[in-house]
Amino acid sequence: MDLVLNYADYYFFTPYIYPCTWPEDEPLRQIIGLMLVTNLGAALLYLVLGALSFYFIFDHSLMKHPQFLENQVCREIKYALSSLPWISIPTVALFFAEVRGFSKLYDNISDSPYGWFGVILSMISFLFFTDMCIYWIHRFLHHKLIYKCFHKPHHVWKIPTPFASHAFHPVDGFLQGLPYHIYPFLFPLHKVVYLGLYVFVNVWTVSIHDGDYRVPSLLQPIINGSAHHTDHHLFFDYNYGQYFTLWDRIGRSYRHPSSYQGKGPHDVLRKLRGEGKLGSSNSGHSNGDSMSHKNK
């Protein structure tokens with residue numbers, strides 16, 4: 001994160017945010033800079049990726065599904081943007097530790113323990129490490145003593161849009177993002193690779209909420225895509241994974257996506273359309289959805 005902070009310092013923060021007389025390694029200066037970079041960057045990344053996915057990938061016919069809420073898109077965006085500043089507080093603490101040199105992030109390929117092979121290996125291990133951690137954190141958040149306090153707000157969106165990707169309670173959002181931030185404290189990782197993986201993680205998080213259920217048939221049993229995650233929102237106790245189905249299979253929480261069996265959201269819409277029950281408006285869905293959610 002120090003790469004982003006240095007760039008922001010050079011082009012914007014000095015002298016517009018703090019005076020030139022402050023040393024670059026001044027802790028308060030770094031904390032202020034990190035707070036600004038984290039909040040603005042997270043909001044911008046969320047809104048840009050969400051908008052691109054919503055307008056170019058998301059199938060808007062899903063907004064006519066009986067469980068799609070009234071004004072849902074606005075509610076998703078409002079909830080996400082209200083949570084991000086709170087999530088940023090503990091996140092900035094971890095970024096600050098990185099900037100102060102407590103992580104195992106490095107600048108040059110020559111600093112990698114195994115050269116380019118180590119860089120590639122770190123990318124693979126990052127994905128498997130974070131997938132494993134998120135599976136168990138996510139499953140923990142579904143525990144009956146925890147769920148209503150922190151994770152239930154995310155499950156309001158039964159038929160999510162890309163904007164639901166970051167619409168979490170702040171505690172929920174921080175916990176599920178924690179594995180990404182603790183990895184470089186445990187394992188060596190190139191700083192540019194870390195930033196690239198951070199963007200990839202956000203892209204992936206948006207993608208599993210985008211309603212595009214297409215995955216190559218050979219990868220369907222392996223990759224946890226939008227079809228898998230939609231079933232998590234619909235059926236609650238399945239498909240907790242982030243990228244892969246590995247830990248769902250190990251933890252016996254894997255469910256083959258209903259969309260691949262002709263029983264998914266689009267199939268429901270086709271059935272309702274054929275029966276003449278699909279109106280032009282989705283008004284009134286919020287009440288029905290709220291009642292079904294309370295029965296969980």
Side-chain angles (χ1 to χ4, degrees), residues 49-50 52-70 72-73 75-76 131 134-135 138-139 142 151-152 154-167 203-249 251-296:
L49 293 176
L52 289 173
S53 181
F54 181 76
Y55 287 108
F56 296 106
I57 298 175
F58 179 70
D59 188 338
H60 289 71
S61 69
L62 289 171
M63 298 172 73
K64 295 182 179 181
H65 192 282
Q67 290 179 292
F68 194 89
L69 304 183
E70 186 175 6
Q72 179 173 315
V73 174
R75 292 167 62 182
E76 289 170 341
D131 187 65
I134 290 171
Y135 173 83
H138 193 177
R139 190 157 185 172
H142 274 256
H151 194 53
K152 185 175 181 178
H154 187 63
H155 273 271
V156 168
W157 331 114
K158 295 292 187 180
I159 304 295
T161 79
F163 290 112
S165 59
H166 293 63
V203 171
W204 188 271
T205 303
V206 170
S207 76
I208 60 175
H209 294 85
D210 67 10
D212 186 348
Y213 308 134
R214 295 172 296 179
V215 174
S217 57
L218 290 177
L219 296 179
Q220 287 178 5
I222 302 171
I223 299 297
N224 182 73
S226 180
H228 300 73
H229 196 70
T230 295
D231 273 12
H232 174 73
H233 279 256
L234 288 170
F235 303 110
F236 190 73
D237 288 325
Y238 304 95
N239 300 347
Y240 298 102
Q242 180 75 350
Y243 318 112
F244 312 114
T245 62
L246 173 64
W247 282 98
D248 278 301
R249 294 182 185 278
R252 297 183 179 181
S253 55
Y254 175 74
R255 177 189 174 95
H256 188 62
S258 58
S259 296
Y260 297 159
Q261 304 176 64
K263 302 176 182 179
H266 285 293
D267 301 291
V268 171
L269 289 174
R270 279 192 289 269
K271 181 180 178 181
L272 292 174
R273 193 176 294 113
E275 295 174 351
K277 297 179 180 179
L278 190 63
S280 59
S281 171
N282 62 348
S283 61
H285 295 163
S286 57
N287 292 333
D289 184 83
S290 298
M291 291 301 294
S292 65
H293 189 65
K294 290 177 180 178
N295 291 331
K296 288 294 185 184

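By convention here, the first residue in the shown sequence is residue 1. These figures come from a predicted structure and were not determined experimentally.
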OH (Tyr243) and CD1 (Ile134) are apart, to the nearest 0.5 Å, by 5.0 Å
Where is the tightest heavy-atom contact between Glu76 and Ala167, given as atom of each residue plus distance?
-> O-CB, 3.7 Å
Which heavy atom of Pro221 sits nearest a heavy atom of Arg249, and at what distance?
-> O-NH2, 2.8 Å
Sorted by chain and number, sequence neighbours left out, side-chain contact (heavy atoms from CB on, under 4.5 Å) with Ser207 holds for Trp204, Asp210
Quick one: list whatever passes ring pair (Phe, Tyr, Trp, His ring centres under 6.0 Å) with Phe244, sequence neighbours left out.
-> Phe128
Report yes if some heavy atom in the side chain of His233 is under 4.5 Å from a heavy atom in the side chain of Ile159; otherwise report no.
-> no
Compare every heavy atom of Gln72 with every heavy atom of Pro160, then report the nearest pair and how far apart it is.
-> CA-NE2, 3.9 Å
Which heavy atom in Ala164 sits nearest to a heavy atom in Trp157, and how many Å separate them?
-> CB-CD1, 3.9 Å
In Å and rounded to the nearest 0.5 Å, what is the CE to CG distance from Met63 to Leu269?
-> 12.0 Å
Parallel, tilted or perpendicular for Phe54 and Phe163, by the 30°/60° rule?
-> tilted
Without swapping roles, check the side chain of Gln261 against the backbone of His256 for a donor-acceptor pair under 3.5 Å.
-> yes
Exceeds 12 heavy-atom contacts within 6.0 angstrom, atom OH of Tyr260 = yes
Rounded to the nearest 0.5 Å, what separation is found between the CD atom of Gln242 and the OG1 atom of Thr205?
-> 4.5 Å
Any side-chain heavy atom of Val73 sitting closer than 4.5 Å to one from Phe68?
-> yes
Distance in Å, His65 NE2 paired with Leu272 CG, rounded so as to fall on 0.5 Å steps = 7.5 Å
Under the side-chain contact (heavy atoms from CB on, under 4.5 Å) test, residues paired with Thr230 that sit two or more places apart = Tyr213, Ser226, Leu234, Pro265
Can you sort out the partners of His142 under ring pair (Phe, Tyr, Trp, His ring centres under 6.0 Å), two or more places apart, ordered by chain and number?
-> His138, Tyr147, His151, His155, His232, Phe236, Tyr240
Closest heavy-atom pair and its distance - Pro66, Val268 = CD-CG1, 4.5 Å
If only atom types and distance count, is the side chain of Ser53 paired as donor or acceptor with the main-chain N or O of Gly50 below 3.5 Å?
-> no
In this structure, CG of Leu246 is separated from CG of Asn224 (nearest 0.5 Å) by 11.5 Å
Determine yes or no for a side-chain-to-main-chain donor-acceptor pair under 3.5 angstrom, with Arg75 supplying the side chain and Leu69 the backbone.
-> no
Looking at residues at least two apart in the chain, or sitting in another chain, which of them share a salt bridge (charged side-chain N to carboxylate O under 4.0 Å, His left out) with Asp212?
-> Arg214
Separation of His154 NE2 from Ser165 OG (nearest 0.5 Å) = 8.0 Å
Keeping to residues at least two apart or across chains, list the salt bridge (charged side-chain N to carboxylate O under 4.0 Å, His left out) pairs with something in residues 220-248.
-> Asp231-Arg255
